[in-house]
2 protein chains.
Amino acid sequence: MPLTDSPAQPHDHSLCIDDALAQARLICERRNVRLTPIREQVLGLIWQNHKPVGAYDLLEQLATTHQAAKPPTIYRALDFLQENGLIHKIESQNAFLGCAHVGGQHHGQFLICTACGTAQEIDEKVVSSALKNASQARGFQIHSFVIEIKGLCAACQDI
Amino acid sequence: MPLTDSPAQPHDHSLCIDDALAQARLICERRNVRLTPIREQVLGLIWQNHKPVGAYDLLEQLATTHQAAKPPTIYRALDFLQENGLIHKIESQNAFLGCAHVGGQHHGQFLICTACGTAQEIDEKVVSSALKNASQARGFQIHSFVIEIKGLCAACQDI
DNA sequence: TGAATATTGTTATATCATATCATTGCCCCA
DNA sequence: TGGGGCAATGATATGATATAACAATATTCA
């Protein structure tokens, strides 16, 4: 686990990256799927910071070291990483973010700062159970959900 | 208000449309903004059913009666309707849906059936207050949020 | 009426994502 | 151990969603 679970707080971010990649290797080994160089590199790029990043931004970066990279290259890597729970898509931004709760059974809940762009992943059981109750009361059976909260993170309120 | 608040239940949908348009006229008059023919027609098209509909689908329909309609025509109408709280964007589908709680102060919460495509808007105070609490505990100040729940509506579970 | 503003028309292009088929690489076991 | 089968990547093209920028027209209101 990262030493802090809040991107809003200062921290040694290289530890986040190292940790994310180490966990990814572990998960993929356990699941018997291949974290190929391209996939690992894309995951590393996504973890460069705590801001959701677009597919074509990633492509541009990947292309600097990987001439052959084209849109399908990125989207395939992103699909793989999503399928294996290593990243989330932020639907309201068409962008991707490293998963901060790898391995756990969860859907995403995100606090997205409109000032600095960082997104913090949370996993509030009280939120998901409220959704479950509300759905159940209407006979609706949940498969998954998207929760994206926009506002100002603690750091950006002080400015 | 529509006679039913649940699109999952059978109902006379023409009443939903009539009602939505009547409310829209009222809201726009109150807010002193212009519900022009294009805007009203787009709103009517969106309300044709309870499924989120894409901008280019709308464009295609609008173009049958309005030769000059181009992408900006639709996106401008959609922007207007969103600004005035008459429709919501479903971020995970890049699609638009009539607002079922016009006038009220609310963000969207949607139950989206992956089988039949209908989306039901709900407004659960317990969900929004859970989000508020979780955010506040982290020093995060909410401006808006997106909640999109995917699963099976009551009708589609029985199939 | 005429100036200011809002709306719509028009063209072009940016941005996000996938389909399809060819090629290469990896794995396993006969 | 080599070759069959499958997974991954390369390569080209195109589909789908959204906006920029400027011109023309319509509406409002002093």
Side-chain angles (χ1 to χ4, degrees), chain A residues 24-25 28-29 31-46 51-84 86-97 117 146 148, chain B residues 24-25 27-46 51-84 86-97 117 146 148:
Chain A
R25 287 181 204 109
C28 289
E29 193 169 354
R31 302 186 61 157
N32 213 32
V33 294
R34 292 167 53 202
L35 190 64
T36 62
I38 290 179
R39 291 165 177 173
E40 184 166 342
Q41 196 179 345
V42 171
L43 184 59
L45 290 171
I46 288 175
K51 302 177 189 181
V53 55
Y56 280 73
D57 277 0
L58 292 169
L59 176 56
E60 195 177 327
Q61 295 176 68
L62 183 63
T64 64
T65 62
H66 190 91
Q67 176 76 26
K70 296 282 177 297
T73 316
I74 285 290
Y75 282 102
R76 285 166 181 158
L78 292 172
D79 284 348
F80 172 89
L81 295 169
Q82 280 186 272
E83 277 163 14
N84 291 286
L86 299 171
I87 63 172
H88 291 284
K89 179 172 187 182
I90 303 299
E91 297 288 352
S92 60
Q93 303 186 153
N94 294 319
F96 301 84
L97 182 72
V146 170
E148 297 172 10
Chain B
R25 287 182 203 107
I27 295 280
C28 289
E29 193 171 353
R30 265 194 217 136
R31 301 186 61 158
N32 213 31
V33 294
R34 293 167 53 204
L35 189 64
T36 62
I38 289 180
R39 291 165 177 172
E40 184 167 341
Q41 196 178 345
V42 171
L43 184 58
L45 290 171
I46 288 174
K51 303 176 188 182
V53 55
Y56 280 73
D57 276 0
L58 292 169
L59 175 56
E60 195 177 327
Q61 296 175 69
L62 183 63
T64 63
T65 62
H66 191 91
Q67 176 76 27
K70 297 282 178 297
T73 316
I74 285 290
Y75 282 102
R76 284 166 181 158
L78 292 171
D79 285 348
F80 172 88
L81 295 170
Q82 280 186 273
E83 277 163 13
N84 291 286
L86 299 171
I87 64 172
H88 291 283
K89 180 172 187 182
I90 304 299
E91 297 288 352
S92 61
Q93 302 186 150
N94 295 319
F96 301 84
L97 183 70
V146 169
E148 298 172 9

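These numbers were taken from a predicted model, which means no experiment stands behind them. When reading the values below, keep in mind they use all heavy atoms of this one structure, side chains included, and skip hydrogens, waters and symmetry mates. Throughout, a chain's letter reflects where its sequence line sits, starting with A, and its residues are numbered from 1.
Protein atom CD1 of A:Ile74 is 12 Å distant from nucleotide atom P of C:dA17, rounded to whole Å. Between the CD1 atom of B:Ile90 and the C1' atom of D:dT17 there is a distance of 16 Å, given to the nearest Å. At whole-Å resolution of the value, CD in A:Gln93 and C1' in C:dA17 are 17 Å apart. Taking atom CD of B:Gln82 as the reference point, atom P of D:dT17 lies 15 Å away to the nearest angstrom. Atom CG in B:Asn32 sits about 16 Å away from atom P in C:dT5, given to the nearest Å. Remark: C1' of C:dT7 and CG of B:Leu62 are 14 Å apart, rounded to the nearest angstrom. In this structure, B:Leu58 places its CG atom 15 Å from P of D:dA16, rounding to the nearest Å. The distance between atom NZ of B:Lys70 and atom P of C:dA12, rounded to the nearest whole Å, is 12 Å.
Across A:Cys28 and A:Leu35, no two heavy atoms sit closer than the pair SG-CB, 3.9 Å. For the pair A:Glu148 and A:Ser92, the tightest heavy-atom approach, listed with the atom from each and the gap, is OE1-OG, 2.5 Å.
A heavy-atom distance below 4.5 Å is found between the side chains of A:Lys89 and A:Gln82. In this structure, A:Ile74 and A:Val42 have side chains that are in contact, with non-hydrogen atoms separated by less than 4.5 Å.
A close approach under 4.0 Å does not occur between any side-chain nitrogen or oxygen of A:His66 and OP1 or OP2 of D:dT9. Contact check, A:Thr36 against D:dA7: no side-chain N or O comes under 4.0 Å of OP1 or OP2. Look at A:Lys89 and you won't find any side-chain N or O under 4.0 angstrom from OP1 or OP2 of C:dC16. Here B:Asn94 does not reach the OP1 or OP2 of C:dC16: none of its side-chain N or O atoms lies under 4.0 Å away.
Side chain of A:Phe96, nearest nucleotide from C:dA17, C:dT8, D:dA8: C:dA17.
Between B:Pro71 and A:Phe80, the residue anchored nearer the 5' end of DNA chain D, judged by the nucleotide with its closest heavy atom, is A:Phe80.
Note that CG of B:Leu58 is 10.5 Å distant from CG of B:Leu43, once rounded to the nearest 0.5 Å. The distance from atom CG of A:Asn84 to atom CZ of A:Arg34, rounded to the nearest 0.5 Å, is 13.0 Å. Distance check, rounded to the nearest 0.5 Å: CD1 of A:Ile90 to NZ of A:Lys51 gives 14.5 Å. With rounding to the nearest 0.5 angstrom, the NZ atom of A:Lys70 is 12.0 Å from the CZ atom of A:Arg76. Interatomic distance, CG of A:Leu78 versus CG of A:Leu86, reported as 11.5 Å (0.5 Å rounding).
Remark: the B:Gln41 side chain and the B:Thr65 side chain contain an N/O donor-acceptor pair separated by less than 3.5 Å.
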Please tabulate, one pair per line, each protein N/O and nucleotide N/O from nucleotides 20-23 of chain C that are separated by under 3.5 Å, including the distance.
residue : atom : partner : partner atom : Å
C:dT20  : O4   : A:Arg76 : NH2          : 3.4

Show each protein N/O and nucleotides 25-29 of chain C N/O combination with a separation under 3.5 Å, one pair to a line.
none

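A donor-acceptor contact under 3.5 angstrom links the side-chain atoms of A:Tyr56 to the base of C:dA17. If you check distances only, the side chain of B:Tyr75 never reaches the base of D:dA20 with a donor-acceptor pair under 3.5 Å.
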